[in-house]
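Before any comments, here is the structure.
Letters go in sequence order (proteins before strands), and every chain restarts at 1.
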Amino acid sequence: NAGVMQNPRHLVRRRGQEARLRCSPMKGHSHVYWYRQLPEEGLKFMVYLQKENIIDESGMPKERFSAEFPKEGPSILRIQQVVRGDSAAYFCASSGTADQPQHFGDGTRLSIL
Amino acid sequence: AQSVSQHNHHVILSEAASLELGCNYSYGGTVNLFWYVQYPGQHLQLLLKYFSGDPLVKGIKGFEAEFIKSKFSFNLRKPSVQWSDTAEYFCAADSGAGSYQLTFGKGTKLSVIP
């Protein structure tokens with residue numbers, strides 16, 4: 001399957017732990033976007049990355065959240081010291097260029113105990 | 001700031017009924033518009049998109065949407081729904097060429113009763 005791959009599908013963490021969410025873009029895509037969907041809400045933009053560069057992180061919370069897209073390997077969304085309010089579905093999307101439609105992964109559902 | 005509103009939270013229809021899901025956006029400039037569908041347990045899939053040109057856009061699976069600039073609307077339609085159309089539908093917008101930040105509505109759950 002050459003689609004956007006996210007793992008894990010479900011992630012359970014206790015308060016204070018770290019959560020790492022991974023995203024491998026579609027083959028040939030170098031633009032990656034992360035979105036968060038809180039319960040009963042639409043998806044909200046978090047960050048836009050290209051290889052080794054953060055282009056726009058205007059939707060990222062100022063603390064505890066970080067993202068990277070290294071030269072090799074998947075994009076990682078990292079949440080440190082998780083709190084209950086971080087429980088959400090996190091979706092990754094990719095595109096070939098910034099102008100092309102974004103293709104989404106299955107999402108990672110993060111639950112905080 | 002740009003926003004996207006979807007009027008219905010949950011729509012229940014019988015098979016063969018016609019469907020119209022409302023979507024309004026608030027942005028005065030150039031805009032690209034999208035409808036995505038999320039089937040149960042699956043990822044978001046692009047149904048159709050409007051960038052420019054003919055305001056009546058045809059998508060996959062018999063769906064279409066009409067861009068009405070004067071009403072800031074981009075409603076999704078299908079003449080006859082099937083049970084397999086049961087899913088959640090999201091309207092989204094970005095602010096035109098070179099833009100990448102999608103703004104999504106809250107989604108509309110469609111349940112089709114056989």
task: Take A:Ser58 and A:Asp56 through the test side chain to side chain donor-acceptor pair (under 3.5 Å) and record every step on the way to the result.
output: CA-CA 6 Å; A:Ser58 59; A:Asp56 180 352; 2.7 Å; yes

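Of the two parts of A:Gln6, neither the backbone nor the side chain holds a non-hydrogen atom closer than 4.5 Å to a non-hydrogen atom of chain B. Of the two parts of A:Ser95, neither the backbone nor the side chain holds a non-hydrogen atom closer than 4.5 Å to a non-hydrogen atom of chain B. B:Leu46 touches chain A through its side chain: at least one heavy atom from C-beta onward sits under 4.5 Å away, while N, CA, C and O do not. If you measure heavy-atom distances from A:Gln100 to chain B, you find no contacts under 4.5 Å at all. Contact annotation for B:Gln38: only side-chain heavy atoms (C-beta onward) come within less than 4.5 Å of a heavy atom of chain A.
At a threshold of 4.0 Å, the pair A:Arg64-A:Asp86 counts as salt-bridged, since one of the basic side-chain nitrogens sits closer than that to a carboxylate oxygen. Using a 4.0 Å cut-off between charged nitrogen and carboxylate oxygen, A:Lys71 and A:Glu52 do not count as a salt-bridge pair.
The greatest number of non-hydrogen atom pairs below 4.5 Å with chain B, out of A:Ala93, A:Gly42, A:Gly59, is found for A:Gly42.
For A:Phe69, the ring-ring contact (aromatic ring centres under 6.0 Å, His included) criterion is met by no residue, not counting sequence neighbours.
Note: B:Phe63 and B:Tyr89 meet the aromatic proximity criterion, with ring centroids under 6.0 Å apart.
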